[in-house]
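Below is one structure, written out as structure tokens, with a few remarks after it.
Just so it is clear, the values below take in all heavy atoms, side chains as well, and ignore hydrogens, waters and symmetry mates. Proteins come first, then strands; the chains are lettered A, B, ... in the order of their sequence lines, and each starts at number 1. Since we're looking at a predicted model, the values are computed, not measured.
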Protein chains: 2
Amino acid sequence: MSKTTILLAEDEPALGQIIKESLETRDFHVLLCPDGEKALETYQSQSPEILVLDVMMPKKDGFTLAKDIRAIDDTIPIIFLTAKSQTQDVVEGFTIGGNDYLKKPFSMEELIVRINNLLHRTKVQKTSDILSIGAFTFDFPKQQLHFENESQQLTHREAHLLFHLIKNKNQVLDRSLILNKLWGNDDFFSARSMDVFISKLRKKLQKDETIQIINVRGYGYKLVN
Amino acid sequence: MSKTTILLAEDEPALGQIIKESLETRDFHVLLCPDGEKALETYQSQSPEILVLDVMMPKKDGFTLAKDIRAIDDTIPIIFLTAKSQTQDVVEGFTIGGNDYLKKPFSMEELIVRINNLLHRTKVQKTSDILSIGAFTFDFPKQQLHFENESQQLTHREAHLLFHLIKNKNQVLDRSLILNKLWGNDDFFSARSMDVFISKLRKKLQKDETIQIINVRGYGYKLVN
DNA sequence: AACCAGTGTTAACGTGTGTTAACCGATTAG
DNA sequence: CTAATCGGTTAACACACGTTAACACTGGTT
């Protein structure tokens, strides 16, 4: 497994360097940015998995940066580093969803705990490639779908499609998004092909009646359980 | 939706009471326990959704308690309250999985942020949108309307429209509001389309005569029961 | 080279969903 | 009272999606 990439935005070079090195000893890959604008660029080019942002920064402060990034990705975890003076209610307003904050000064242990907690939330299902849905267990790498003591082998396409459906369980999974991801385009034929696979998956999943793949006309599919 | 239950184990009565009250103003249900043993009993009888444990407690300290509870449930989120003297590496060892910690003294905001963060992780999918109306049960995610032991599948549009009607049960649901929300506009054709769906819903709901969708001319619809 | 099994794509036909149209009754303003 | 408006209902329609089977491609086997 490759290292987790952390984007660290901190304008104070000495502090930034200390944090960076500490995190690197914990086996993270750290991208240190001296200001908000640089951070945004780096975010776009490197797509890190978690952001650690100083609130007070030149050019673009941490909150503004977070807003900009949230417009692109509304799930990426963000940790704010706040000075004592920062008004607590503003910070608190930001600390919902994938957000947390730390008051300066903080210990490295504290930061690492927060990072791991937030990563865990998004990663817990992400890294473990054995997913469960209803009464099924789905081993993605092996492309096997287990039900009680039976087990059926899925094809590559079936497995990938199911994988994304489970990842977006109970939410609508956008048709064109998945078409682009798995087929590389979203033209008529690929769409038809996808329909066929949805049909196949439904058949393979029908042993557990509590789970269903529901179509949302014009948008996509929703796997519910 | 019922309140989230928090088990709070804190041996210092004054502090315990303050935390309890603060959390209650945030609409949590708080079970305050003065020591580790009481906490374990309360955990078993009340099955709370999250634990906030003081580390230093009489009879059974927070870590030991956490170990005991983890043997029963290895996913329930736990937040430790630690004094400054507590050796940080021990704490850190515990802060994996569903765990976090706060150093005393801490602000209520900090605690609430941690609680919400950890709850979010387990709860995001848990809050089920199963509504009931008259003799019907409406499973919004599955788009199913249950009546006694029958069950009919609704379409996406039907489900959303019914969802908003139930949410505004016994109040007038504004036409243009719902048109904008579901159709994206409130022009003539969308309005006509909506009428058709109201008609369909009326038909599907007519098994229970006590509930009706009443039109309020010029304003909208009201679902009554 | 011929064969085969497995996988994904295309085709053909059928079904479901949402929109539009048509026609109607009810309500209200003039 | 009459006309205009709003909403109710049904049906026609277009098109998104479902299902099955035929087809084409791949890589492996004999």
Legend entry - Stacked cation flag Arg114(A) on Tyr101(B), 6.0 angstrom / 45 deg: yes
Legend entry - Atom pair distance, as rounded to whole Å: CD1 in Ile214(B) and C1' in dT27(C): 16 Å
Inset, instruction - Check every atom of dA21(C), dT19(C), dT19(D) against the side chain of Phe197(B) and return the nucleotide holding the closest atom. - result: dT19(C)
Inset, instruction - Tell me whether the OP1 or OP2 atom of dG18(C) has a side-chain N or O from Trp183(B) closer than 4.0 Å. - result: no
Inset, instruction - Using only heavy-atom distances, decide whether a donor-acceptor pair under 3.5 angstrom links the side-chain of Arg192(B) to the base of dG7(D). - result: yes
Inset, instruction - Kindly say if Lys203(B) contacts the phosphate of dT10(D), meaning a side-chain N or O under 4.0 Å from OP1 or OP2. - result: yes
Inset, instruction - Measure the distance from CD on Gln152(A) to P on dG6(C) and round it to the nearest whole Å. - result: 15 Å
Legend entry - Sidechain N-carboxylate O distance under 4.0 Å for Lys207(B), Glu148(B): no
Inset, instruction - Report the nucleotide, chosen from dA21(D), dG7(D), dC17(D), that has the shortest atom-to-atom distance to any side-chain atom of Asp195(B). - result: dG7(D)
Legend entry - Protein-nucleotide distance (Ile198(B), atom CD1; dG18(C), atom C1'), rounded to Å: 15 Å
Inset, instruction - Can you tell me the distance, in whole Å, between the CG atom of Leu154(A) and the P atom of dG6(C)? - result: 15 Å
Legend entry - Whole angstrom value for the distance that separates C1' of dT19(D) from CG of Leu201(A): 14 Å
Legend entry - Residue pair Gln152(A) / Phe147(A), side-chain heavy-atom distance below 4.5 Å: no
Inset, instruction - Can you tell me the distance, in whole Å, between the CZ atom of Arg202(B) and the C1' atom of dG8(D)? - result: 7 Å
Legend entry - Exercise: identify the closest heavy-atom pair between Ile214(A) and Val224(A): CD1-CG2, 3.8 Å
Legend entry - Nucleotide nearest Arg217(A) when distance is taken to its side chain, options dA11(C), dA26(C), dA16(D): dA16(D)
Inset, instruction - Check whether any side-chain nitrogen or oxygen of Thr155(B) sits under 4.0 Å from OP1 or OP2 of dG18(C), and answer yes or no. - result: yes
Legend entry - salt bridge (charged side-chain N to carboxylate O under 4.0 Å, His left out) against Arg175(A), all qualifying residues, sequence neighbours excluded: Asp195(A)
Inset, instruction - Quickly work out the Glu158(A) CD to dG8(C) P distance and round it to whole Å. - result: 7 Å
Legend entry - Tyr221(A) side chain near dA16(D) phosphate (N/O to OP1/OP2, under 4.0 Å): no
Legend entry - Minimum-distance nucleotide to Asn215(B) side chain [options: dT19(D), dG8(D), dT10(C)]: dG8(D)
Legend entry - Side-chain N,O (Ser193(A)) to OP1/OP2 (dG8(C)) below 4.0 Å: no
Inset, instruction - Considering just the side-chain nitrogens and oxygens of Arg157(B), establish if one lies under 4.0 Å of OP1 or OP2 belonging to dT19(C). - result: yes
Legend entry - Nearest-Å distance for atom pair CG/P, residues Leu162(A) and dG8(C): 14 Å
